[in-house]
Each structure stands twice: as C-alpha cells, then as structure tokens.
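What follows is one structure encoded as structure tokens, with my remarks underneath.
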There are 2 protein chains.
Amino acid sequence: MLERVHLVVLREVAEHGSLTAAAEGLGLTQSALSHSMKKLEGQLGVTLWRREGRSLRLTQAGEELLQVAREVLPRLEVAEERLSQFASGRRGTLRIGIECHPCYRWLLRVVAPFLARFPNVEVDVKQKVQFEGAPALSGYEVDLLVTPDPVEHPDLRFHGVFDYEQVLAVGRGHRLAGRACIEASELKEEVLITYPVPQDRLDIFTHFLAPANQRPAAQKTVENTDILMQLVASGRGVAALPRWLVEEYGPLLGLVAVRLGGGIFKQICLGVREADERVDYIASFIELARGAPRPCEESVL
Amino acid sequence: MLERVHLVVLREVAEHGSLTAAAEGLGLTQSALSHSMKKLEGQLGVTLWRREGRSLRLTQAGEELLQVAREVLPRLEVAEERLSQFASGRRGTLRIGIECHPCYRWLLRVVAPFLARFPNVEVDVKQKVQFEGAPALSGYEVDLLVTPDPVEHPDLRFHGVFDYEQVLAVGRGHRLAGRACIEASELKEEVLITYPVPQDRLDIFTHFLAPANQRPAAQKTVENTDILMQLVASGRGVAALPRWLVEEYGPLLGLVAVRLGGGIFKQICLGVREADERVDYIASFIELARGAPRPCEESVL
DNA sequence: GCTATCCATGAGTAGAATTCATAATACATG
DNA sequence: CATGTATTATGAATTCTACTCATGGATAGC
C-alpha cells in the first residue's frame, strides 16, 4: 500500500519543489509520479499536496508522511549498502571455531592484523571444550575452523597454514629436562597433564604412546593453557604442547621442550565451507594466516 | 529495489518459520514469496536464508535485514494509521485565525471541550495584529477564521455562531456611566481606546461615529484586551467592547456598559474553506461553537 | 521405503506501473 | 492583453512485473 516509491517521490518533490523536477531526478515521467501518488492518495483517502500556482505545497498529511520518508528511507539505503558489503565480503561476522587449545595463542596474531584490514568485519571465537569442528563448520555454527586435524568432507576445504612440532614440555628441574628426545616407555612413571578431551584426539596418545602400547602413570586434565604450563613448571607433571609455545614461555616459566620419539610434526589447518571460500574476508583471513609471523619468530604482545 | 514486501516477507518468515506458512499469512502463494525473495537476493548479491532440513535459517545478512524490517515496518504501519486518521478528520492541526480581539476569550471556551473530544487534533491560534482573515483562510494559512465580519468568497463558508452587542465600556465613575445609551456626538470630548487596526475595521467607527460624521477627541491604541480594560477602568478613556465581556469583567474592574445609539449588534462567525466543511473535527468545532455556553451565562475559569 | 511437507523453478497470465499525448492552469513577458 | 513557457492532471495504450499454477527435488517422520 504505502510503498517505498511513494516516500521517495515525496522526498524528491520536497527537495526539488516540483513533480517534473522530481521525475527528472528519478528517471521517470512526470506522469508516472502523478499517477502513482494520486493512487496512494486515493487509497489513503488523504491529499498529500495541493497545487499552489505552478508549484506544489504539502498538506499536513503530506508533511507527516515526508517526516516518515526522512526517517525510513535513509535506514533502507544504509541497509542496502550494508548488504552489498555482505555480498562483497567487506562486512560480516567471522565465527571461528578452535579445536586445539594452544592454537588460540597462534590465532590472536592473525586476528589483530585482520581486524585492522576489515574494520567492518566482526570476529567471534567459539572455543567449546567438547567441540566437533567439522559438523559445526558444515552446520554453519562457525565459518572458520582452526584445527590440526583436517577431515574429508565434500563441502569443506582445509588449508594448511602453519607447521609445528608437538613436544613434551617438562619443568626445568625435571629428570627428562636435559634430553634431546625420549621414548614412549619413559613416560610410564610420569603424570601426564592434558586438555579434557578424548584420548583419540590427543596426538601424544595417537602418535606416540598408543603405537608403543604405553600409558603414563596417571593423567590429569586442565582446561586452561596457562594453568597447564604452570603445573608443568612446578613439577606436577608433563604435557604435550607445540614447540613454539614452550619456547616462547619456557624461559619465563622454566619449561623445557623434549622431542617425542622421532618428533610429532603437525600442521595447523584452517577449514572453511567450500561455498565461502571466495568470500573476501574469509579468503583474506587464510592469506593473512599463511603469511603470519611464526610464533617463535616474534615475541607475544 | 529493497521494497516493503521484502521486509514483510522476511518478518513473516521469521515469525512462522517457513515460507509456506508466511505465504498463508500474507494471502499469497509460497511460490510468490520464493520468487520475490530470490529476485531480491539476486539484486543484492546476498543469500538471506538457507534451507536447513525442511525449514529455513536466516544468514547473517538475513538477520541484519530482519532487524531493519522490525524497525521500519512498524513505522510505516503507524504512518498509515495516522494518515487514515487525517483522512477521517480524527487527526490534524486546526489552525485558527482570529480577527476580533475580544473573540479570543470566547474562543477559549470552545477550544477546551474540543480538545477533550479530539485528543489527536492539535489546535494552533494565529492572532496577528494585522491579519487579513479571508486571504489567510483561502491561502491555507489557517483552517478556521473567527471573525465578526464574514466576506463573500466562492471557496469560503461562514457560519454565525454567537450574537453579541458591541457597547461602550466606561469606568464606573465616568460621566456616561449611568446612561442607558448615548449619541455619537457625545464622544467628541472622549478619548477612544481601540486596537491598533484601521478605522474601517472598527465597528464603533463604521456603525456609529462615521454615519453621524463624528470623531472622538483623541484615539489611543492598545493591543492587549486586559490592559485596554484596565485603562478604561482607570478613567483614561472609553472603548468599544462586546457587552458580555464588559458584563463579565465589569464588576471586578469597575466597568459599565453603555449602548451605542440604537445598539450595534454583531455576530461572531466561523469561516472555513468549503473543501474542509466535511472534515470531522472542523464540522465538530462549528457544532461545538454553536452549542457553547454564552459567555455571560457562565463565569470564566 | 513411503508419504507428507517443505522449497525451487519455469511458463503463462492478470494486473499494475509507466509512457505518450494532450488538456488544463498559472505565471511571466513583450 | 495576448503569447509563450512553465506547471500538473488525465485517458488510453503499452510494457513490465508480480503472481499463480503446475511440477520437480529434497528432507524428515512413520
């Protein structure tokens, strides 16, 4: 009934002072505007303006409606602009899911320059303890998945962005502290501190202990990486962490990295939905992640 | 481009959860909505929602647009409602022009019940000193004219609403105070206090002095009725005023009314544009004015 | 697996918006 | 005062758009 056109015409007429000029500005005929407004007047039962000499003068009702136009139209125009930014990937919310706990620290380095480059894009990090990355990604719960374990999925694509070694972190005074590397059997008297996730998602089990059919003396779980490192530093146990993390905080806390067997080499991958791969800010995020400074090359903020 | 329908559909879908249900609610086909939204998506280059099982789930862009819908649609709906009130005369601004100064006091009595009856109608009183009523009325400067001097005009209609007598007001101690009536010649030694308007708009000149070819000793002008009455009461001069006004304030201030010759009998008229005569609140105003209590029948508030 | 219930889509149609041509009106100007 | 140039208004023709209908494809529940 009361359509956007009507408001546009009203505003244009108010600005240019005449139907003819307004029609010009809108790329339409004067006749079109006249017909269209006449119809609206008929439907509403109101006169919006009245001829006064050769120009038009708004009635009370017209003024009222013009007021509406001045409020509503900018809102619609901004909305269109924003939506077109969504379309071109200059705006949106990038919801990032994280599967590996220490990845969070790595992520922070990528997010900072990303935010600077896309001021209209919000970033939201979802770091649930129990978190099935791939389903969350394909189910549109998150738009980007940071994980060391890419999976095969028809709609998803994974990009390796950062290589690292998973090592054993031990306290400075620990009996294994001086070693270059250790065997799986050497952990059987150790307390192993891990994140609270199933063993099949912990590399130290899947890639190191399980193949040798070994187990630690005990396993404790902790959610927070900082606390975990503190516990290790205080000699309460040992933990598997990325080498760059140990080397970065090691000097500060008193941590030492020890290679696990021949070394567990991993890669942080970024997973996205195939449909999103060409969205500007998502592609740029991956680009940025690839070129991001290696965690150990630069100190943390 | 982004039309009202789109917002309506978006809101309806958000509410009912499915296109089919929304179509039902809007009295359209599911197909219609699907086509229409698809087109919008194409124009904007955005997907608004995505099929999830058998229902729809809004994307970020969709959520954003839904937000717009929730802001804009109510505004439009209210606007339509208000305009239809304009149409039926239940809303508007009644701009009243006053030509005769003391009429203002009479007007107040009509305005009060009018405001109570039309809570959505604003009243604006324009009481310029130099004020040509008829042109202001036909030129849409005012919607209602309160005047004792109706004019002939093809587009205007005047309704007599209140009869009164124009009398001479004198102070209690004045030499004419006891008289029932006076002749024009008896004013030649008096100071006549009037409103600052041309003599041809003052009844005491046109209907009393001019026919007898008389003039007062002097003429002073004052804009304010209260001051005018004070001046007369203090014996500084005499003035022509409606009888009801003199009788209402006379006891209080010390004023007495004296008939001018055989009496000057006037009528307050309400002028409206013919086109407006059937507007609800205007017709009601005239109705109310006709039935209003005579000023002298009731004391002022 | 079958069925009910969604959404998507192509083709045809009814209706609405737009244009064109022209009338009616107001203002300026020689 | 007539003439020319601005307006807006209006009727008829045309173009275009939005809608419906019919149907296909997908999903969830039984």
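Chain identifiers are assigned alphabetically (A, B, ...) following the order of the sequence lines, protein sequences preceding nucleic acid strands; residue numbering begins at 1 within each chain.
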Using a 5.5 Å cut-off between ring centres and planes within 30 degrees, is A:His35 stacked on the base of D:dT10?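 One would call A:His35 stacked on the D:dT10 base.
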
Which is true for B:Thr20 with a 4.0 Å heavy-atom rule: it touches a base, it touches only sugar-phosphate, or it touches nothing?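 Since only primed, P, OP1 and OP2 atoms lie under 4.0 Å of B:Thr20, the category is sugar-phosphate.
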
Find the distance [X]:[atom1] to [N]:[atom2] and express it as a whole number of Å.
X: A:Arg51; N: C:dA24; atom1: CZ; atom2: C1'; answer: 8 Å
X: B:Lys39; N: D:dC16; atom1: NZ; atom2: C1'; answer: 9 Å
X: A:Glu52; N: D:dT8; atom1: CD; atom2: P; answer: 13 Å
X: A:Leu26; N: C:dA17; atom1: CG; atom2: C1'; answer: 14 Å
X: B:Gln30; N: C:dA4; atom1: CD; atom2: P; answer: 18 Å
X: A:Arg50; N: D:dA9; atom1: CZ; atom2: P; answer: 12 Å
X: A:Leu56; N: D:dA6; atom1: CG; atom2: P; answer: 17 Å
X: B:His16; N: C:dC7; atom1: NE2; atom2: P; answer: 13 Å

Would you call B:Glu71-A:Arg75 a salt bridge at under 4.0 Å N-O?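 Looking at A:Arg75 together with B:Glu71, the answer is yes, because their closest N to O distance falls below 4.0 Å.
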
Give a yes or no on whether a salt bridge exists between B:Arg82 and A:Glu64, defined as a side-chain N under 4.0 angstrom from a carboxylate O.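 Judged by the 4.0 Å cut-off on N to carboxylate O distance, B:Arg82 and A:Glu64 do form a salt bridge.
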
Heavy-atom count around A:Arg50 CZ within 6.0 Å, excluding the residue itself: above 12?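 Buried by this count: over 12 neighbours within 6.0 Å.
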
5′-ward residue of the pair A:Thr29/B:Lys38 relative to DNA chain C: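 It is B:Lys38, whose closest nucleotide lies nearer the 5' terminus.
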
Does B:Ala21 or A:Ser31 map to a spot on DNA chain C nearer the 5' end, using the closest nucleotide for each?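 Residue closer to the 5' terminus by nearest nucleotide: B:Ala21.
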
Fit a plane to each ring of A:Phe114 and A:Phe285, take the angle between them on a 0 to 90° scale, and name the class: parallel (under 30°), tilted (30 to 60°) or perpendicular (over 60°).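 The rings of A:Phe114 and A:Phe285 stand perpendicular, inter-plane angle above 60°.
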
Taking N and O atoms by type only, does the side chain of B:Ser34 place a donor or acceptor under 3.5 Å from a partner on the base of C:dC7?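 Donor-acceptor pair under 3.5 Å: no.
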
Between the side-chain atoms of B:Ser18 and the base atoms of C:dC6, is any donor-acceptor pair under 3.5 Å?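 Per atom types, no contact qualifies.
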
Per-pair distances, 0.1 Å, donor-acceptor, side chain in residues 266-283 of chain A, under 3.5 Å, sequence neighbours excluded:
| from | atom 1 | to | atom 2 | distance (Å) |
| --- | --- | --- | --- | --- |
| A:Lys266 | NZ | A:Asp149 | OD1 | 3.0 |
| A:Lys266 | NZ | A:Asp203 | OD1 | 3.1 |
| A:Arg273 | NE | A:Asp276 | OD2 | 3.2 |
| A:Arg273 | NH1 | A:Leu137 | O | 2.6 |
| A:Arg273 | NH1 | A:Val142 | O | 2.7 |
| A:Arg273 | NH2 | A:Asp143 | OD1 | 2.7 |
| A:Arg273 | NH2 | A:Asp276 | OD2 | 2.7 |
| A:Glu277 | OE2 | A:His159 | NE2 | 2.8 |

